[in-house]
Every structure is written in structure tokens, then in C-alpha cells.
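The figures here come from the full heavy-atom set of this structure, side chains too, leaving out hydrogens, waters and symmetry mates. For the single chain, residues carry numbers from 1 onward in sequence order. One-based numbering, in listed order, for ligands and for the atoms of each.
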Amino acid sequence: MPTAVSEELNVYESAEARFEIAAEKLGLEQGLYRYMKYPEREITVYIPVALDSGQIAVFTGYRVLHSTVRGPGKGGVRFAPDVSIDEVRALAAWMTWKCAVVDIPFGGAKGGVICNPAKLSKSELERVTRRYTAALSDWLGPERDIPAPDIGTNDQIMAWIMDTYSMHVRQATTAVVTGKPLDLGGSQGRKEATGRGLMICCDKAISKLGLKRDSTRVIVQGFGNVGSEGSLLMHQAGYKIIGAADVNGAIYNENGLDIPKLYDWVYHQRRSLPEFAGGERTTAQEILFRSCDILVPAATENQITSQNAHRVDCKILCEGANGPTTAHADSIIEKKGIFVIPDILGNAGGVTVSYFEWVQDRQGFFWRESEVNERLQDVMEHSFDQVVRYAEAHSVNNRIAAYIVAIDRVARALKLRGFYA
Ligand code: NAD
């Protein structure tokens, strides 16, 4: 199917394509299809911020609420120079399906600000965050829409969102945002949650394929929150991480990288990942095509496309990032017989522990890390089993099965609610 590259790389088109295949296989009624296809609300805000130089800059920010059918909107906030409304719209829809796959009572939302956080001072970043939050304060809330971290945002930014919102509603409201610092109503285990969820899915997949952790070679692209925490946990569990990459480049070592040392190198010594002395240097793209058992793209969208999918050489593709594989690459990956753990399942550990954080904040009662991890394990294993069972029973690939499980749950909730007129 020859298509313009720009269309293939439009994440909204990619998200739509999978939704359409799944909706058709599910036999979704036309009315429900139309209802779920479009977001409930899209907001654009222009954020005036005084820079340290005294000049005023105006940043563009978005918040898209895709669905509140199963509960309040839930989704991260991305600070990056290439944020676009199409990207935020796609990510918001993916959040709806992701929350439904793991059966947590949230809808889907996503936000973003077009900015380069690496070029802003800490105080400029704080002012951007506070003004963005203030502009959206009528639409956010623990029962309305709950942001979380994503690319370019972190627990400090979540703390500023919580404080700004609390000032507006005149009461401390920790449950308005998740991924907060532990001292401010954050949850134990949240920082590692997305990586832990990935590992739980990989454990299930290797046992299905008859592999053992200590002979399973893993390559991880992206060494941010998801990639670094995931690599560390998998290394500790016995997996052999043979490749790692960040935006600056990659390193490869067929005997396995010393991940705790690499983590220390990047996060404590603040050195550049590809300069780590424990492996051969290559590019962040090329690392995707080295032979391995599990490939974990955990950086950004559109890494595996119709142009390069034939070069992917792994048994399991476990998606840590949102949308790392384009819809056009799906059939190539499927033909190669690769076992796919799709993003809306693979990286759902993050939103699952965000849900636990929201529950704990609302109860004012906090759980031990072991309790958080046990509950996460239970949710991820159960969701993995449901998706794989559906795929096998209905002869569809795992990605379409995950969408079908999710769309069916949202459709059932929608029918029960009926249409307010
Ligand atoms: P992050 O900002 O902490 O890290 C991103 C990492 O990717 C960095 O190491 C960066 O250098 C690297 N990177 C960026 N562009 C790259 C490229 N072209 N090639 C190689 N490396 C590149 O972000 P994160 O929170 O780890 O999120 C990563 C992905 O996972 C995103 O798609 C995000 O939406 C998704 N995700 C994150 C969470 C979460 O809990 N943080 C949950 C679910 C999904």
C-alpha cells in the first residue's frame, strides 16, 4: 500500500488505522464508532511567560480529552519542541484504550507544550508549567482530568501543577496529578512502574516462547524514565541487555552491558550515554536492527516504519514508547512472526500505578512498595493473558486484540450510560 511518508508518520493516522481495523472486526455499531473516533474536547492555550532575560515569550500548549466514558481523563503532559495537536490527539486516544486494556476506571487525555525544556532555566520551566496549569484549571481536577509526566516532564513539574491547581481551588488537592514526588502524595514504585510493567510483559512472553531470562538478549532504545528503569530492572532480574540508546547515540555489547554502571554514568555522573566505555558505539537508529531476542523501543514515535521494519531482527517486540511502530509497519512485523507486546499493553504499568497513586491520595492512606508492585503484577499479568487469549481465539495479532478488548469495554460502558441529550 504505497502512501506518502508524511501520512505514515502522522501518529494520529497510525492510531486511527488500528482503531478502524479493530472496530470493524468487533462489528462496532456506526454510532458508537463515530462517538469513540473523535475526542470530547481539544483545548489550545497560548502561554505568555517572562523569560529570565526579561523578554516575554508566548508558548503554545494543548490538552485533549479523548474520553470520559469510563472515568475522568488521564494522561501525561509532554514538553518538547515537536509537540503538535495531531500528536496530542493520538496520544489522548491511546490513553483511553490503554486504561481500558488494563481495566482501570479512567478515560483518556493528553497534554503538551511546544518548548525545549533543555533550553529553559528551572525558573522559566516553573513559570511555563504554572501558567499552562492556570490556563487549564477549569478543566483539570481529580474527577475531571488528571495529568502525569511524559517526555520532558518529571516529578518536580507535577509538584508545580499540583501547587498551582491547589492555589486556584483554594485547597491542597494532591489527586489532581500523578507521578508526584513521594513527599507530596506520590506513590511508591511509580518511578519504576512503566519499566516494571514492561518486564512483567516480557516475563510472560518469554515463558510463552520457551525462553529463559538469562539467555534472553535485550536491546532498549531510549534511556529516559521508561528505558533506564526498565533496563535496570531487567538486568537485575537476569536478562542480558546488549544494547542501549538515547537521543545522542547507542552502545552495543554482545556479552551484555553493565546497566547499573551505565545508569550511574548517565544519571549521577551526567555523562553522555554513547561515551560509556562498556561497549561498541553505534547510532540510536541502527541499534534497532541488531539481532536480539527482545527489542524494546522506549524513546519516541515512528521508529519502526514500512521503510525499515524488514530489518528488525528480534523474537519479541515490546513497546515501551507510545506509537514506536507505524501502522504501515504492522503487517511486515506480523509476517516476520515477531511476538508483539503493543504499547497500549506494554507501557500500561505507568498509568496503572498512577491509578494507585490517585486512589492513595483520595484515601489519604499510602501503601508499601511491595503492595504497589504486587498489585501492578496482578493487573499486568491478567491484562496480558486477556489480550493474548483474545488474539489466539480470534486469529488477530496482539495489537488488534488489545484494541478490541479496549474498545469493547468502552462501548459497553457507553451503552450502559446511554446518550445524554
Ligand atoms: P524521557 O523524556 O524520560 O526519556 C526519553 C528518552 O528517549 C531519553 O533517553 C531520550 O534521550 C531518548 N530519545 C529521544 N529521542 C530519541 C531518538 N530519536 N532515538 C533514541 N533515543 C531517543 O521519556 P519517558 O517518560 O521515558 O517516555 C519515553 C516514551 O515512553 C514516550 O513515548 C512516552 O510517551 C512513553 N511512556 C512513558 C511513560 C512514563 O511513565 N514515563 C508511560 C507510558 C509511556
Indicate whether any N or O donor in one side chain lies under 3.5 Å from an N or O acceptor in the other, for [X] and [Y].
X: Glu319; Y: Thr325; value: yes
X: Glu20; Y: Tyr33; value: yes
X: Thr178; Y: Lys74; value: yes

*asked:* Distance to the ring centre below 6.0 angstrom and angle to the axis at most 45 degrees; does that hold for Arg63 and Trp139?
replied: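 Because its charged atom misses either the 6.0 Å distance or the 45° angle limit, Arg63 does not stack over Trp139.
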Ion pair Asp264/Lys261, N-O distance below 4.0 Å: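 No, this pair does not count.
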Can you name the nearest heavy-atom pair linking Ile287 to Ala284, along with the distance?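 It is CG2-O, 3.3 Å.
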Report all N/O contacts between ligand 1 and the protein shorter than 3.5 Å as a table of atom names and distances to 0.1 Å; if there are none, say 'none'.
from     : atom 1 : to     : atom 2 : distance (Å)
ligand 1 : 3 (O)  : Asn225 : N      : 2.9
ligand 1 : 9 (O)  : Phe223 : N      : 3.0
ligand 1 : 9 (O)  : Gly224 : N      : 3.1
ligand 1 : 11 (O) : Val247 : N      : 2.9
ligand 1 : 21 (N) : Val247 : N      : 3.3
ligand 1 : 26 (O) : Asn225 : N      : 3.1
ligand 1 : 26 (O) : Val226 : N      : 2.9
ligand 1 : 30 (O) : Gly320 : O      : 3.4
ligand 1 : 32 (O) : Asn322 : N      : 3.1
ligand 1 : 34 (O) : Arg78  : NH2    : 2.9
ligand 1 : 34 (O) : Asp150 : OD1    : 2.8
ligand 1 : 34 (O) : Asp150 : OD2    : 3.4
ligand 1 : 34 (O) : Asn322 : ND2    : 2.8
ligand 1 : 40 (O) : Arg190 : NH1    : 3.4
ligand 1 : 40 (O) : Arg190 : NH2    : 3.3
ligand 1 : 40 (O) : Thr194 : OG1    : 2.7
ligand 1 : 41 (N) : Asn225 : OD1    : 3.4

